[in-house]
Number of protein chains: 2
Amino acid sequence: MTRAIQTKNEKLPDPVGFATHDHNDCIDTAIAAAETHCANNGVRLTPVRRKALEILLQEHRALGAYEILDRLRDAGFGSQPAVAYRALEFLVTNGSAHKIERLNAFIACAHSKVSHVPAFMICTECDSVAEVQSNLTNKAFGNAAHVAGFRIEQTTMEAVGLCPVCIDKSKT
Amino acid sequence: MTRAIQTKNEKLPDPVGFATHDHNDCIDTAIAAAETHCANNGVRLTPVRRKALEILLQEHRALGAYEILDRLRDAGFGSQPAVAYRALEFLVTNGSAHKIERLNAFIACAHSKVSHVPAFMICTECDSVAEVQSNLTNKAFGNAAHVAGFRIEQTTMEAVGLCPVCIDKSKT
DNA sequence: ACTTGCAATGTTATATCATCACATAGAAAT
DNA sequence: ATTTCTATGTGATGATATAACATTGCAAGT
Ligand SMILES: [Zn+2]
Ligand SMILES: [Zn+2]
Ligand SMILES: [Zn+2]
Ligand SMILES: [Zn+2]
């Protein structure tokens with residue numbers, strides 16, 4: 001049984017960071033990076049996991065778990081939520097994908113080779129998402145954590161606002 | 001996710017930001033701040049909204065919408081989800097509360113008087129949340145947004161890890 | 001070969017979170 | 001007083017996520 005899809009932006013071209021890019025080989029390189037990571041860390045990029053990553057990379061946008069599940073089912077995998085959630089958890093844990101908490105959705109990492117603090121710009125109008133290369137950790141944050149005795153394991157930043165496309169639209 | 005409820009007249013130190021503070025009057029000051037804000041902005045701190053804020057302030061932790069709804073119902077307000085979600089939306093919009101996306105939960109702002117980038121430390125073990133005073137905007141983030149033509153409206157940062165209490169526990 | 005162990009996948013059922021659509025009630029503006 | 005807009009209330013539904021448990025496939029150890 002197919003569930004309704006919630007995502008608003010179905011028809012965007014190949015935007016990464018709201019700019020166009022050569023999408024053709026970026027899938028292959030990302031998959032290769034995932035394979036390398038798995039080999040180096042003693043975990044397995046199994047068929048479902050690989051397929052889930054391919055789906056995310058194909059779209060280059062944030063996808064809900066059930067949207068991914070639909071495609072996994074179409075590809076012959078299981079049809080129950082846990083199938084998608086487990087694959088996604090694996091990808092997130094291993095740095096191939098991120099969860100956009102604001103959207104309850106998942107997106108392939110745009111630069112999985114380098115270690116980074118995931119940071120995103122999320123359009124409130126069309127739900128498009130761009131991952132920002134943000135190598136700068138917030139120093140004040142780190143200090144506060146240290147003072148509080150909190151051991152940070154991962155930090156994510158999410159900015160919401162209007163993407164260039166929707167800014168243009170709002171002007172007309 | 002289950003945590004002890006903190007009562008208003010508790011003698012022991014109340015933790016905010018994993019540190020102790022004087023909880024007794026911080027509710028009143030926060031409510032006063034909300035009232036001032038509403039007066040200055042032509043919006044109304046109606047009974048439900050005020051009660052929802054009081055609930056959040058009482059607890060000083062992240063509460064799910066349905067948890068808040070329960071208490072609103074107990075206080076004589078409506079019993080349907082929209083009642084809580086609408087009140088919470090108002091509080092978030094007007095800076096009296098934040099949504100912790102990671103937890104799908106809400107928390108009273110710990111320093112609602114000053115404009116700030118909401119930043120939180122979230123314990124993966126016990127789900128406790130501390131709001132960090134992070135007046136430092138991530139510069140790289142801002143630059144990236146500018147380059148991309150993205151108009152940031154709000155940024156939030158969420159760090160997950162282990163709170164001091166759970167670090168202690170894990171050592172035993 | 002066999003069994004024991006473990007990780008991964010699958011399924012059913014259920015829990016949790018969130019919004020829609022529409023009716024009614026109050027406040028504010030004319 | 002009438003209109004208008006905001007706010008509250010309700011029932012119904014949608015969307016997201018996990019629990020619990022059976023099954024499979026593979027690898028070590030015997
Ligand atoms: Zn990334
Ligand atoms: Zn947009
Ligand atoms: Zn705050
Ligand atoms: Zn903790």
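Letters go in sequence order (proteins before strands), and every chain restarts at 1.
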Worksheet entry | Phosphate contact (C:dA18 OP1 or OP2) by B:Y85 side-chain N/O below 4.0 Å | yes

Worksheet entry | Shortest non-hydrogen contact from A:L69 toward A:S79 | CD2-O, 3.5 Å

Worksheet item: Just by protein heavy atoms under 4.0 Å, how would nucleotides 5-11 of chain D read 5' to 3' in B, S and -?
Response: --SBBBB

Worksheet item: Checking side-chain contact (heavy atoms from CB on, under 4.5 Å) against B:F120, which of B:V160, B:V129, B:L103, B:V132 comes through?
Response: B:V129

Discussion item. Please report the distance, rounded to the nearest Å, between CG in A:L88 and C1' in C:dT9.
Written reply: 15 Å

Discussion item. Applying salt bridge (charged side-chain N to carboxylate O under 4.0 Å, His left out) as the test, list every pair that has at least one member in residues 33-42 of chain A; sequence neighbours left out.
Written reply: A:E35-A:R50

Worksheet item: In the hydrophobic clustering (ILVMFWY, side-chain contacts below 4.5 Å, transitive), which residues join A:V147, or is it alone?
Response: none

Response to the item:
By salt bridge (Lys or Arg N to Asp or Glu O under 4.0 Å), A:E153 pairs with (sequence neighbours left out) none

Discussion item. Whole angstroms only, please: what is the CG-C1' distance between A:L103 and C:dC17?
Written reply: 15 Å

Practice prompt. Could you tell me which non-hydrogen atom of A:K51 sits nearest to which non-hydrogen atom of A:A75, and how far apart they are?
Written response: CE-CB, 3.8 Å

Discussion item. On the side chain of B:Y66, is there an atom forming a donor-acceptor pair with the base of C:dA15 - under 3.5 Å, no angle test?
Written reply: no

Discussion item. Tell me the interatomic distance from B:E101, atom CD, to D:dA17, atom P, rounded to whole angstroms.
Written reply: 11 Å

Worksheet item: What residues form a salt bridge (Lys or Arg N to Asp or Glu O under 4.0 Å) with B:R102, not counting sequence neighbours?
Response: A:E101

Worksheet entry | N or O in side chain of B:K99 less than 4.0 angstrom from C:dC17 OP1/OP2 | no

Fill in: Axis deviation across the helix from C:dA1-D:dT30 to C:dT30-D:dA1, five-pair ends, to the nearest 10°
30°

Worksheet entry | Side-chain N or O of B:N104 closer than 4.0 Å to phosphate OP1/OP2 of C:dA18 | yes

Fill in: SB check A:R71 A:D74 (cutoff 4.0 Å)
no

